[in-house]
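The figures that follow rest on heavy atoms only: side chains count, while hydrogens, waters and symmetry mates do not. Throughout, residue positions are numbered sequentially from 1 according to the sequence presented.
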Amino acid sequence: ASDWSSDVCSSDLDFAQNLMSTICGEHRLDTSARDTLDFHYDGMRLPNRKMAIGTIRYGANVAINISNLKAYSISLPLQGTQALWMRGEQYRSNVNRGLIVSNNDHQELIIDRDCQKLQVVIPERSMHMVLADLLNQPIEQPIIFNPEMRVESTQLIDAWWKNIQNFLQLNTQNNGFFGLQMLSDDYENFVIKALLLSQEHNYSAALHAQAQQQEPTYIRKVKSFIVD
């Protein structure tokens with residue numbers, strides 16, 4: 001059902017950086033003690049939109065310097081904490097608050113030693129293709145998300161992450177299930193569309209306007225009647 005699946009452990013910083021660069025895109029991994037890593041990645045890349053879904057931990061306090069990711073790295077701690085520094089602002093992340101790292105200015109992601117997290121990586125090209133399809137127009141500017149995903153206050157975001165967890169569980173329990181290959185095409189598109197429609201970004205207003213246009217006239221009239 002996937003381009004690849006991987007379950008790897010390592011204490012080597014260079015190995016961890018090289019593996020995650022193939023999954024997330026270019027970045028630099030730093031830790032105060034190069035030999036203290038307890039890195040573990042368990043995940044897969046799906047074949048259609050090249051989305052990678054998995055769980056990751058570094059087992060050490062690490063800093064990830066990002067400037068040219070070419071992808072969206074979306075994560076939610078299952079335990080522990082992390083923080084994103086961007087344009088002088090800090091965004092803290094825990095079990096109730098996920099993070100989206102967009103491919104824009106220089107950013108630094110600080111991950112605590114005890115942090116184990118869900119991670120979804122969506123290539124920039126795939127995100128743009130799905131948004132262009134939703135809006136029926138080409139995407140001229142990069143999509144920049146609000147980096148904070150507030151799980152505890154947004155039901156749609158909570159449901160999005162539960163869906164990711166369920167998919168990982170399904171894949172683990174049904175390793176080699178022949179139908180997953182056919183399912184993955186629809187699933188990747190669904191995940192990207194659900195993210196674009198539930199998390200704030202610089203095209204949210206355009207999507208809202210598009211949704212209003214597509215709403216049947218009789219429903220708009222009923223809504224207007226109720227409001228007035």
Side-chain angles (χ1 to χ4, degrees), residues 6 8-43 45 50-128 141-152 154 157 160-161 164 195 199-203:
S6 177
V8 293
C9 300
S10 177
S11 59
D12 183 69
L13 182 138
D14 292 330
F15 174 86
Q17 176 175 299
N18 291 338
L19 176 70
M20 294 314 297
S21 289
T22 66
I23 294 169
C24 303
E26 186 183 328
H27 65 276
R28 193 178 84 246
L29 177 64
D30 292 316
T31 181
S32 55
R34 290 179 68 86
D35 59 348
T36 59
L37 224 57
D38 182 18
F39 172 76
H40 183 206
Y41 179 80
D42 184 7
R45 174 171 282 152
K50 307 300 180 187
M51 181 191 303
I53 301 178
T55 58
I56 183 172
R57 75 159 191 265
Y58 286 94
N61 296 323
V62 299
I64 299 175
N65 290 284
I66 304 153
S67 58
N68 191 29
L69 214 54
K70 300 297 185 196
Y72 296 87
S73 179
I74 308 150
S75 59
L76 178 70
L78 296 167
Q79 63 182 55
T81 61
Q82 57 179 350
L84 178 69
W85 285 93
M86 182 176 70
R87 300 192 195 103
E89 297 283 332
Q90 185 190 45
Y91 302 92
R92 293 202 62 79
S93 167
N94 53 35
V95 293
N96 290 317
R97 190 170 298 185
L99 283 178
I100 300 186
V101 179
S102 300
N103 183 31
N104 54 8
D105 299 342
H106 174 78
Q107 300 156 84
E108 187 173 47
L109 183 62
I110 309 293
I111 303 174
D112 293 342
R113 177 189 302 276
D114 61 347
C115 182
Q116 179 178 5
K117 60 183 184 173
L118 291 166
Q119 185 187 54
V120 180
V121 179
I122 303 171
E124 193 173 46
R125 182 171 177 270
S126 298
M127 191 82 80
H128 282 198
Q141 299 296 321
I143 305 163
I144 306 295
F145 284 94
N146 176 348
E148 286 188 310
M149 296 182 80
R150 294 175 177 268
V151 176
E152 77 278 17
T154 312
I157 297 298
W160 192 87
W161 279 114
I164 296 296
L195 181 69
Q199 178 70 9
E200 184 189 6
H201 53 85
N202 54 327
Y203 285 92

Aromatic ring pairing Phe39/Phe15, orientation class (parallel under 30°, perpendicular over 60°, tilted between):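 Perpendicular.
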Parallel, tilted or perpendicular, as decided by the 30° and 60° cut-offs, for the rings of Tyr72 and His128: tilted
Check whether any side-chain N or O of [X] sits under 3.5 Å from a backbone N or O of [Y] as a donor-acceptor pair, and report yes or no.
{"X": "Thr22", "Y": "Leu19", "value": "yes"}
{"X": "Asn202", "Y": "Pro142", "value": "yes"}
{"X": "Glu148", "Y": "Arg92", "value": "no"}
{"X": "His27", "Y": "Gly25", "value": "yes"}

Full working for side chain to side chain contact (heavy atoms under 4.5 Å, CB included) between Met20 and Ile56: CA-CA 10 Å; Met20 294 314 297; Ile56 183 172; 3.5 Å; yes
Quick check for you: to the nearest 0.5 Å, what is the distance between [X] atom [atom1] and [Y] atom [atom2]?
{"X": "Leu69", "Y": "Glu124", "atom1": "CG", "atom2": "CD", "result": "9.0 Å"}
{"X": "Ile157", "Y": "Glu152", "atom1": "CD1", "atom2": "CD", "result": "11.0 Å"}
{"X": "Asp42", "Y": "Arg57", "atom1": "CG", "atom2": "CZ", "result": "10.5 Å"}
{"X": "Ile122", "Y": "Asn103", "atom1": "CD1", "atom2": "CG", "result": "13.5 Å"}

Distance-only donor-acceptor check, side chains Ser75 and Gln82, under 3.5 Å: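 Result is yes, a qualifying pair exists.
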Pair Asn146-Ile100, side chain to side chain contact (heavy atoms under 4.5 Å, CB included): steps then yes or no: CA-CA 7 Å; Asn146 176 348; Ile100 300 186; over 6 Å; no
Phe145 vs Glu200, side chain to side chain contact (heavy atoms under 4.5 Å, CB included): CA-CA, chis, key distance, verdict: CA-CA 6 Å; Phe145 284 94; Glu200 184 189 6; over 6 Å; no
salt_bridge(Glu89, Arg87) N-O dist < 4.0 Å: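 A salt bridge is absent here (no side-chain N lies under 4.0 Å from a carboxylate O).
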Criterion side chain to side chain contact (heavy atoms under 4.5 Å, CB included) on Met51 and Val121, from CA distance to verdict: CA-CA 6 Å; Met51 181 191 303; Val121 179; over 6 Å; no
Contact check, side chains of Asn65 and Trp85, non-hydrogen atoms, under 4.5 Å: no
Minimum side-chain heavy-atom gap Trp160-Leu76 below 4.5 Å: no
side-chain contact (heavy atoms from CB on, under 4.5 Å) partner of Ser93, the single match among Asp112, Leu84, Leu99: Leu99
side-chain contact (heavy atoms from CB on, under 4.5 Å) partner of Leu37, the single match among Val62, Asp12, Asp14: Val62
Verdict with supporting geometry, Glu26 and Lys70, salt bridge (charged side-chain N to carboxylate O under 4.0 Å, His left out): CA-CA 8 Å; Glu26 186 183 328; Lys70 300 297 185 196; over 6 Å; no
